[in-house]
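Here is the structure we will look at.
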Amino acid sequence: MKNSKKPKVLFILGPTGSGKTEIAVRLAKKYNGEIISADSVQVYKEFDIGSAKVTKNEMGGITHHGIDIKSPIEEFSVYDYVQYTLQKVEEITKKGKLPIIVGGTGLYVKSLIEGYNFGDAEKHQEFRANLEEEIKSHGLDYVYQKLCQKDGKLASTIDKNNPARVIRAFEIASYGSGKKKTNDCKYDFKLIAITLKRETLYYKINARVDKMIEDGLIEEVKSLYKKYGESVQPMKAIGYKEILPYLKGEIQKQNMIDLIKQHTRNYAKRQLTFLRGIDNVRYIDNNDRDRAFLNACKEIEEWLKV
RNA sequence: AGGGGUGUAGUUCAUCGGUAGAAUAAGAGUCUCCAAAACUCCUGAGGUGGGUUCAACUCCUACCACCCCUG
């Protein structure tokens with residue numbers, strides 16, 4: 001942390017609906033920063049309303065990275081995110097500006113601050129598809145048992161009920177070189193989390209979902225569905241996946257809206273849980289926005305001095 | 001008003017004259033390549049008052065609430 005050769009990077013974290021976007025833009029203006037989003041859905045073009053993507057207006061002239069960088073049919077993973085962000089931070093730092101990473105995708109953030117090295121087992125699409133087929137036909141346990149035979153040590157470290165983990169472990173067992181993981185964070189970072197009382201946060205989330213519907217979320221999904229189908233990655237996000245059954249006439253409108261609200265609340269809760277697992281996070285209550293901004297400034301100035 | 005029905009967890013629904021089960025919500029948690037994903041754990045209940053009984057959520061009864069039918 002004290003290593004002054006490492007570039008300084010500011011993180012603004014917090015659950016969805018906490019108001020991090022607004023405060024981050026204000027901070028970027030004050031400290032000559034550029035924003036890099038840490039959001040697994042906002043990377044996709046055209047998925048605007050449901051992902052609560054920052055609008056041009058909200059950006060307030062601040063440069064934003066990591067938004068609209070992928071077509072909906074493309075894949076994007078933590079690994080890609082880390083590559084992208086390392087690059088952007090370097091560019092911004094070179095310009096003498098402060099990189100501000102803003103977002104709620106916990107793993108993206110954690111990967112950066114803990115300097116995850118994702119190893120050398122690349123993704124093999126076909127291999128994965130085959131495993132998925134096998135899980136479908138023989139069950140997850142069958143595949144897990146196979147993994148145990150191939151690499152019992154690796155198998156014992158993962159959750160055998162979790163298909164995603166089992167598939168990934170199998171991939172590592174098959175293609176990885178077994179090189180040890182080495183983590184190495186490249187930044188002198190400051191973590192600030194924007195929070196709200198649970199009750200307030202839930203209230204805001206519910207209101208925001210209603211607003212999204214008003215703003216034409218259903219139309220957005222309808223046109224995206226027509227264009228890309230339902231299997232593209234961002235279509236699995238909250239606010240999208242719930243609308244598909246509604247469009248097909250399988251559930252009622254109000255039902256669908258309530259589901260989006262519920263899933264968003266669940267998600268916010270998980271984000272908070274994830275945050276708790278990260279050290280050195282400074283929490284700032286955003287009930288009073290101006291006060292929250294000033295508190296953030298205080299924290300940041302102390303950190304910039306070091 | 002008369003007749004019938006239903007009252008069990010926040011909600012939907014089980015079961016049983018002898019420790020009341022589940023689904024779902026809520027809550028907590030896990031996390032090194034789909035993470036807005038995937039997975040794990042878990043609090044919590046028989047309307048009210050009487051009666052029968054060793055024992056009532058269960059049977060009887062009154063009341064209350066809700067629903068349906070008739071007028």
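Reminder, nothing fancy here: chain letters follow the sequence lines and each chain counts from 1. Just so it is clear, the model here is predicted, and its values are computed rather than measured.
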Salt bridge (Lys or Arg N to Asp or Glu O under 4.0 Å) assessment of A:Glu302 paired with A:Arg282 = CA-CA 13 Å; A:Glu302 255 169 53; A:Arg282 300 304 304 232; over 6 Å; no
message = In whole Å, measure the gap between the C1' atoms of B:G10 and B:C64 for me.
response = 22 Å
key: Integer angstrom distance from the P of B:A56 to that of B:A26   = 37 Å
request  = Please confirm whether any donor atom in the side chain of A:Asn183 sits under 3.5 Å from an acceptor in the base of B:U32, or the reverse.
outcome  = yes
message = On RNA chain B, compare the nucleotides closest to A:Glu75 and A:Thr273; which residue's is nearer the 5' end?
response = A:Thr273
task = For A:Asp159 and B:C31, give me the distance from atom CG to atom P, rounded to whole Å.
result = 11 Å
task = Describe the nucleic acid contact of A:Tyr108 in one word from base, sugar-phosphate, nothing, applying a heavy-atom distance below 4.0 Å.
result = sugar-phosphate
query = Taking the inter-plane angle between the rings of A:Tyr175 and A:Phe127 on a 0 to 90° scale, is it parallel (under 30°), tilted (30 to 60°) or perpendicular (over 60°)?
reply = perpendicular
message = Categorize A:Thr16 for me: base, sugar-phosphate, or nothing, with a 4.0 angstrom heavy-atom threshold over every strand shown.
response = nothing
task = Using the P atom as the reference point in each nucleotide, state the distance between B:C54 and B:A22 in Å, no decimals.
result = 33 Å
A:Val109, A:Val102, A:Ile194 screened by side chain to side chain contact (heavy atoms under 4.5 Å, CB included) with A:Leu13, the one that passes = A:Val109
Same-atom distance (P) from B:U30 to B:C42, integer angstrom = 16 Å
task = Could you tell me the separation between the CG atom of A:Leu107 and the P atom of B:C39, rounded to a whole number of Å?
result = 17 Å
ask   = Does A:Asp215 pair with A:Arg208 as a salt bridge, N-O distance under 4.0 Å?
value = no
request  = Return the nucleotide paired to B:C64: Watson-Crick means purine N1 to pyrimidine N3 with N6-O4 or O6-N4, wobble means G-U with N1-O2 and O6-N3, both under 3.5 Å.
outcome  = B:G7
query = Is B:U52 paired to anything, Watson-Crick or G-U wobble with both distances less than 3.5 Å, and if yes, which nucleotide?
reply = none
inquiry  = Could you identify the nucleotide paired to B:A22, looking across every strand shown and requiring Watson-Crick or G-U wobble geometry with both distances under 3.5 Å?
reply    = B:U12
query = Base, sugar-phosphate alone, or nothing: which one does A:Tyr202 contact when heavy atoms must sit under 4.0 Å apart?
reply = sugar-phosphate
ask   = Taking N and O atoms by type only, does the side chain of A:Glu132 place a donor or acceptor under 3.5 Å from a partner on the base of B:C34?
value = yes
request  = Can you tell me the distance, in whole Å, between the NE2 atom of A:His263 and the C1' atom of B:U24?
outcome  = 11 Å
key: Under-4.0 Å salt bridge between A:Lys94 and A:Glu90   = yes
inquiry  = Only pairs with both distances under 3.5 Å count, Watson-Crick or wobble alike; so what is the partner of B:U32 in this structure?
reply    = none
ask   = Which part of the nucleic acid, if any, lies within contact of A:Gly277, taking any heavy atom under 4.0 Å across all strands shown: a base, the sugar-phosphate backbone alone, or nothing?
value = nothing
query = Can you check whether A:Tyr116 has a side-chain N or O nearer than 4.0 Å to OP1 or OP2 of B:C33?
reply = no
ask   = Does A:Ala237 or A:Glu171 map to a spot on RNA chain B nearer the 5' end, using the closest nucleotide for each?
value = A:Glu171
message = Using OP1 and OP2 only, check whether a side-chain N or O of A:Gln233 sits under 4.0 Å from B:A35.
response = yes
inquiry  = So, does A:Arg198 get its side chain near the phosphate of B:G27, meaning an N or O under 4.0 Å from OP1 or OP2?
reply    = yes
ask   = In terms of side-chain geometry, is the basic nitrogen of A:Lys211 or A:Glu214 positioned less than 4.0 Å from the acidic oxygen of its partner?
value = no
ask   = According to the Watson-Crick and G-U wobble definitions, with both distances under 3.5 Å, which nucleotide is paired to B:U70?
value = B:A1
task = With the side chain of A:Ile172 defined as its heavy atoms from C-beta on, choose the nearest nucleotide among B:C33, B:C31, B:A35.
result = B:C33
message = Centroid distance below 5.5 Å plus an interplanar angle below 30 degrees: do A:Tyr79 and B:C33 meet both conditions?
response = yes
key: Euclidean distance for C1', B:A14 against B:A23 (whole angstrom)   = 10 Å
ask   = Salt bridge between A:Lys53 and A:Asp68, side-chain N to carboxylate O under 4.0 Å?
value = yes
key: Integer-rounded Å distance: B:C33 C1' and A:Leu131 CG   = 15 Å
message = For a quick test of reading the model: is some side-chain N or O of A:Arg270 closer than 4.0 Å to OP1 or OP2 of B:A38?
response = no
task = Would you classify A:Asp80 as touching base, sugar-phosphate or nothing, given that sugar-phosphate means primed atoms plus P, OP1 and OP2, and contacts are heavy atoms under 4.0 Å?
result = nothing
request  = For A:Lys241, report the nucleic acid contact type (base, sugar-phosphate, nothing); a contact means any heavy atom under 4.0 Å.
outcome  = sugar-phosphate
key: Pairwise C1' distance, B:U8 and B:U40 [rounded to whole Å]   = 29 Å
ask   = Would you say a side-chain N or O of A:Lys236 is under 4.0 Å from OP1 or OP2 of B:A36?
value = no
request  = Could you work out the separation of B:G21 and B:A9 based on their P atoms and round it to a whole Å?
outcome  = 15 Å
request  = Would you please say whether a donor-acceptor pair under 3.5 Å links the side chains of A:Gln87 and A:Glu91?
outcome  = yes
task = Please check the phosphate of B:A25 (OP1 and OP2 only) for any side-chain N or O of A:Gln262 closer than 4.0 Å.
result = yes
message = OP1 or OP2 of B:C34 versus the side-chain N and O atoms of A:Tyr44: is any pair under 4.0 Å?
response = no
task = Would you state whether a donor and an acceptor, one from the side chain of A:Asp39 and one from the base of B:A36, lie under 3.5 Å apart?
result = yes
ask   = Which part of the nucleic acid, if any, lies within contact of A:Gln83, taking any heavy atom under 4.0 Å across all strands shown: a base, the sugar-phosphate backbone alone, or nothing?
value = nothing
Separation of atom CZ in A:Arg165 from atom C1' in B:C33, rounded to whole Å = 11 Å
request  = Indicate whether OP1 or OP2 belonging to B:U30 is found under 4.0 Å from a side-chain N or O atom of A:Asn161.
outcome  = no
query = Hey, does A:Ser40 reach any base, or is it just sugar-phosphate, or nothing, if we go heavy atoms under 4.0 Å?
reply = base
key: Touch class at under 4.0 angstrom, heavy-atom based, for A:Tyr81 against every strand present   = nothing
task = Go through the side-chain N and O atoms of A:Asp258 and A:Gln254 and say whether any donor and acceptor fall under 3.5 Å apart.
result = yes
query = Phosphate oxygens OP1/OP2 of B:U40: is one of them under 4.0 Å from a side-chain N or O of A:Lys160?
reply = no
